[in-house]
Amino acid sequence: MGGDENAAVMLLDKLIAAKVICRGFVLGCAVCKHGAWYSLADLTDEFRCARCGRKQTISRQHWREPAAPQIFYKLDEIVYQFLKSDGDVVALGLDYMARNSKHPFNYSPEIEFRKSDSTLIGEIDFCAVYDGLLTIGEAKKKGELASSNGEARKIIEKYARLANMLNARRVLFCTTSQEWKSSTVEAVQRAFQGKPTVPTFVATEDLLGKPSTQN
Ligand SMILES: [Zn+2]
């Protein structure tokens, strides 16, 4: 918040009301020395150690600094997992399509395709009817599909294969980075050359509101 304490406090209140984070203490067990975060919701004057299960009256020996125990904030586990697996990029990508679609919009997040014997064919981050066209896509925080070219090629081949199988006419690559790496864009364009499926690249500016696309 740029060092603005009031703004930070207001943001914390807002996130707590939305149950995105919650307040608690970090306490160390006097018996087994296990340090852990405990929600205020679970505390009285006592706490039960998360490891050894011993019940203890909260006292000075259970925290480090300062004289009174400090509040620690914990990010909600579901929100944490959502952000960890780039769920925010998927949500922004779907919002981008919903805003820019001139026709009724519909979507499904993450789909796995399996053969009849249940072997995995591939997984996509989202599938949508965007502007009247079946669209599948990938969402990444970093503007690259993978850290190695070999892994990126596998992902591109998977999308080319699935687009063909589903007759999807568009593959949308979304990133919350400034832009997609040029080698990624070139590799994707090469893979889709001459095919009825059009790859589209969307970066953070598009996702957060400006209506232009990189390609
Ligand atoms: Zn313990």
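Residue numbers count from 1 along this sequence. Every number for a ligand or one of its atoms is a count from 1 in the order of the listing. What's counted below: heavy atoms across the whole structure, side chains too, no hydrogens, waters or symmetry copies.
With a 6.0 Å radius and a threshold of 12 heavy atoms from other residues, nucleotides or ligands, K14 has its NZ atom at or below the threshold. When the shell of 6.0 Å around CD of E77 is examined, it contains more than 12 heavy atoms from other residues, nucleotides or ligands. Around CG of D45, the count of heavy atoms belonging to other residues, nucleotides or ligands within 6.0 Å does not exceed 12.
Distance CD1/I21 to CG/D76: 10.5 Å, rounded to 0.5 Å.
The number of protein N/O/S atoms found under 2.8 Å from the Zn ion (ligand 1) is 4.
Side-chain heavy atoms closer than 4.5 Å link hydrophobic residues (I, L, V, M, F, W, Y) into clusters, and following such links, possibly through other members, connects M165 to Y159.
With 3.5 Å as the limit, one finds no donor-acceptor pair spanning the side chains of Q193 and Q189.
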